[in-house]
Visitor: 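What follows is a structure written as structure tokens; I'll ask about it next.
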Amino acid sequence: METIRRQLSQKIVGKRLSGKEIIGVRRRAKLLIIDFKDGSSLIFHLKLTGQLIFNGEPSRHTRKVFNFKDGSCLVFNDLRKFGWYKIVKKSKIIENEFGPEPLKMDFETFKSILEKRPKAKIKPLLMEQKMIAGIGNIYSDEILFASGVRPFRQAKTLNKAEIKKIFQNIKKILEKAIKLKGSSVEHYLDACGKKGNYVKCHKVYRQKKCSICDSKITRMKINGRSAHFCPKCQK
DNA sequence: AGCCCATCCTGTCCGC
DNA sequence: TGCGGACAGGATGGGC
């Protein structure tokens, strides 16, 4: 998402769509927000299979093509049709429904989130958008592997060192994933129509063996989502 | 609060 | 080859 935002920002700021000038492309949680000069915004949620490709070729999964005045376009594809877009006069109301952005979050804030939800399992808690914005299924697994913490541990059982590690790895993993332009497991493509490279760095998500100890990676459902962890490296 | 389930859709993969 | 079931970067709403 952040990769798509950065690329789109470079490509479409200054262009005109239906007579309105684009002045910025922002991201809040997993929402992509295109701001217009008149104060309105075009908001996207790509869910699991959405793609936004600048000057892409329309396919049978194309839901909408946004044509800019200069002849370029933005193609919105979505195989499963879970994604959506809408134009809003003020985007602030929607943006306020989310917790802090992980890369801007300080340690005290993170600690207080865990204290607010002592009984929640750590993986679903990391993915809860109202608590922390923008962490999804892949990165929650990878963050917890890097931190040596099993995904079903309740927040209250984490010791100070574990909390610190998780906090640091949230930043580390997300920053590296952004640097490598995201993770393409199935449908993800960036705004240039290219796959992300972070998938090569996945240590547990859809992996068979642990890269550290060679143990078989455990896969289980936690609150309805697939979770992956190493039974030896994660406690 | 926290978990479970169904739901929104289309597609792939795996086992029989 | 066909068929059934599981599963899929997400999120919501209802029920217990």
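Lettering follows sequence order; numbering is per chain, from 1.
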Visitor: Strictly below 4.0 Å, N to O, side chains only: are A:K179 and A:E175 in salt-bridge contact?
Guide: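 Salt bridge between A:K179 and A:E175, a charged N being under 4.0 Å from a carboxylate O: no.
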
Visitor: Quantified in whole Å, what is the P atom distance between nucleotide C:dC7 and nucleotide B:dC4?
Guide: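 Each nucleotide's P atom is 15 Å from the other's.
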
Visitor: Would you jot down, in residue-number order, the residues of residues 139-160 of chain A having a non-hydrogen atom under 4.0 Å from DNA chain C?
Guide: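 Those residues whose heavy atoms fall under 4.0 Å from DNA chain C, taken from residues 139-160 of chain A in numerical order, are A:Y139.
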
Visitor: Below the 4.0 Å mark, does B:dC8 have OP1 or OP2 next to a side-chain nitrogen or oxygen of A:K47?
Guide: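 Checking B:dC8 against A:K47, no side-chain N or O comes under 4.0 Å of OP1 or OP2.
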
Visitor: Please output the side-chain donor-acceptor pairs of residues 222-233 of chain A that fall under 3.5 Å, not counting sequence neighbours, one pair per line with the distance.
Guide:
{"from": "A:S226", "atom 1": "OG", "to": "A:N137", "atom 2": "ND2", "distance (Å)": "3.3"}
{"from": "A:H228", "atom 1": "ND1", "to": "A:D141", "atom 2": "OD2", "distance (Å)": "2.7"}
{"from": "A:H228", "atom 1": "NE2", "to": "A:R206", "atom 2": "N", "distance (Å)": "3.4"}
{"from": "A:H228", "atom 1": "NE2", "to": "A:R219", "atom 2": "NH1", "distance (Å)": "3.3"}

Visitor: For the atom pair CG (A:L17) and CD1 (A:I87), what is the distance rounded to the nearest 0.5 Å?
Guide: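 Interatomic distance, A:L17 CG to A:I87 CD1, rounded to 0.5 Å: 7.0 Å.
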
Visitor: Measure CZ/A:R206 against C1'/C:dA6 and give the value in whole Å, please.
Guide: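 Result: 12 Å.
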
Visitor: If I pick the P atom on B:dA1 and the same atom on C:dG10, what distance separates them, to the nearest angstrom?
Guide: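 23 Å, rounded to whole Å.
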
Visitor: Does A:K81 place a side-chain N or O at less than 4.0 Å from the phosphate oxygens OP1/OP2 of B:dC8?
Guide: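 Result: no.
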
Visitor: Between C:dT1 and B:dT10, how many Å separate the two P atoms, rounded to a whole number?
Guide: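 Approximately 25 Å lies between the P atom of C:dT1 and that of B:dT10.
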
Visitor: Is it possible for you to check whether A:K20 lies under 6.0 Å from the centre of the six-membered ring of A:F36, through NZ or CZ, and within 45° of that ring's axis?
Guide: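 Output yes; distance and angle both within limits.
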
Visitor: Just verifying a value: how many Å separate A:K81 NZ and A:R63 CZ, rounded to the nearest 0.5 Å?
Guide: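 Atom-to-atom, A:K81:NZ and A:R63:CZ are 4.5 Å apart.
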
Visitor: Quote, to the nearest angstrom, the C1' distance that separates C:dC3 from B:dC8.
Guide: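 It works out to 24 Å between them.
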
Visitor: Aromatic rings A:F107 and A:F167: how do their planes relate, parallel, tilted or perpendicular, breaks at 30° and 60°?
Guide: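 Perpendicular.
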
Visitor: Can you list, in residue-number order, the parts of residues 85-105 of chain A that come under 4.0 Å of DNA chain B, counting heavy atoms only?
Guide: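 Listed by number, there are none.
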
Visitor: Give a yes-or-no answer on whether the side chains of A:K123 and A:S140 include a donor-acceptor pair shorter than 3.5 Å.
Guide: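 Distance-only check passes for A:K123 and A:S140.
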
Visitor: So, OP1 or OP2 of C:dC7: does either fall under 4.0 Å of a side-chain N or O from A:S226?
Guide: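 Checking A:S226 against C:dC7: no side-chain N or O falls below 4.0 Å of OP1 or OP2.
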
Visitor: Under 3.5 Å, side chain of A:Q234 to main-chain N/O of A:G148, donor-acceptor pair present?
Guide: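 Flag not set: sc A:Q234 to bb A:G148 has no pair under 3.5 Å.
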
Visitor: Once you apply a heavy-atom cut-off of 4.0 Å, does A:R60 come out as touching a base, just sugar-phosphate, or nothing?
Guide: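 Sugar-phosphate only.
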
Visitor: Where does the angle between the aromatic ring planes of A:F66 and A:F44 fall among parallel (under 30°), tilted (30 to 60°) and perpendicular (over 60°)?
Guide: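 Ring orientation, 0 to 90° scale: perpendicular.
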
Visitor: Tell me which of A:G182 and A:K130 sits closer to the 5' end of DNA chain C, going by the nucleotide each one is nearest to.
Guide: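 That would be A:G182.
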
Visitor: Separation of A:K116 atom NZ from B:dA1 atom P, in whole Å?
Guide: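 These atoms are roughly 11 Å apart.
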
Visitor: For A:F82 and C:dA11, do the ring centres fall under 5.5 Å apart while the planes stay under 30° apart?
Guide: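 Not stacked by the 5.5 Å and 30° rule.
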
Visitor: With a 4.0 Å cut-off, would you call A:R27 and A:E101 a salt bridge?
Guide: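 Answer for the salt bridge query: yes.
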
Visitor: Give the nucleotide from the list C:dA8, C:dA11, C:dG10 with an atom nearest to the side chain of A:R219.
Guide: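 Per side-chain heavy atoms of A:R219, the pick is C:dA8.
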
Visitor: Look at A:H45 and C:dG10 and indicate whether a side-chain polar atom (N or O) is within less than 4.0 Å of OP1 or OP2.
Guide: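 No, because none of the side-chain N or O atoms of A:H45 sits under 4.0 Å from OP1 or OP2 of C:dG10.
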
Visitor: More than 12 heavy atoms of other residues, nucleotides or ligands under 6.0 Å from NZ of A:K15: is that the case?
Guide: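 Yes, enclosed.
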
Visitor: Tell me: CG of A:D78 to P of C:dG10, nearest whole Å?
Guide: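 Rounding to the nearest Å, CG of A:D78 and P of C:dG10 are 13 Å apart.
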
Visitor: So, is A:Q129 close to the C:dG10 phosphate, meaning a side-chain N or O under 4.0 Å from OP1 or OP2?
Guide: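 No, no such contact exists.
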
Visitor: Quick one: the dot-bracket string of DNA chain B, using Watson-Crick and G-U wobble pairs with both distances under 3.5 Å, [ ] for crossing pairs and | for bases paired to another strand.
Guide: .|||||||.|||||||

Visitor: Can we say A:E2 and A:R5 salt-bridge, meaning some charged N sits less than 4.0 Å from an Asp/Glu carboxylate O?
Guide: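 Yes.
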
Visitor: Quickly work out the A:I138 CD1 to C:dA8 P distance and round it to whole Å.
Guide: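 To the nearest whole Å, that distance equals 11 Å.
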
Visitor: Does B:dG11 have its OP1 or OP2 closer than 4.0 Å to a side-chain nitrogen or oxygen of A:H61?
Guide: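 For A:H61, the contact criterion (side-chain N or O under 4.0 Å from OP1 or OP2 of B:dG11) is met.
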
Visitor: To the nearest Å, how far apart are A:H228 NE2 and C:dC7 P?
Guide: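 Those two atoms, NE2 and P, are 10 Å apart.
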
Visitor: Ignoring hydrogens and geometry beyond distance, is a side-chain donor-acceptor pair present between A:N169 and A:S147 at under 3.5 Å?
Guide: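 Yes, A:S147 and A:N169 have a side-chain donor paired with an acceptor closer than 3.5 Å.
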
Visitor: Backbone N or O of A:E97 within a donor-acceptor pair of the A:K130 side chain at under 3.5 Å?
Guide: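 Here the side-chain-to-backbone pair does not exist.
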
Visitor: Please produce a list of atom pairs where a protein N or O lies less than 3.5 Å from an N or O of nucleotides 14-16 of chain C.
Guide:
none

Visitor: Measure from CE on A:M131 to P on C:dG10 and round the result to the nearest Å.
Guide: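 To the nearest whole Å, that distance equals 18 Å.
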
Visitor: Between A:K121 and A:R80, name the one whose nearest nucleotide on DNA chain B is closer to the 5' end.
Guide: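 Its nearest nucleotide being more 5', the pick is A:K121.
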
Visitor: Would you please confirm or rule out a distance under 4.0 Å between OP1 or OP2 of B:dA1 and any side-chain N or O of A:K119?
Guide: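 No, outside the criterion.
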
Visitor: Tell me whether the OP1 or OP2 atom of C:dA8 has a side-chain N or O from A:N137 closer than 4.0 Å.
Guide: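 For C:dA8, neither OP1 nor OP2 has a side-chain N or O of A:N137 closer than 4.0 Å.
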
Visitor: Got a sec, which residues hit salt bridge (charged side-chain N to carboxylate O under 4.0 Å, His left out) with A:E95, two or more places apart in sequence or on another chain?
Guide: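 A:E95 satisfies salt bridge (charged side-chain N to carboxylate O under 4.0 Å, His left out) with A:R26, A:K92 only.
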
Visitor: Test your reading of the model: is there a side-chain donor-acceptor pair from A:S41 to the backbone of A:D35, 3.5 Å cut-off?
Guide: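 It does not hold such a pair.
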
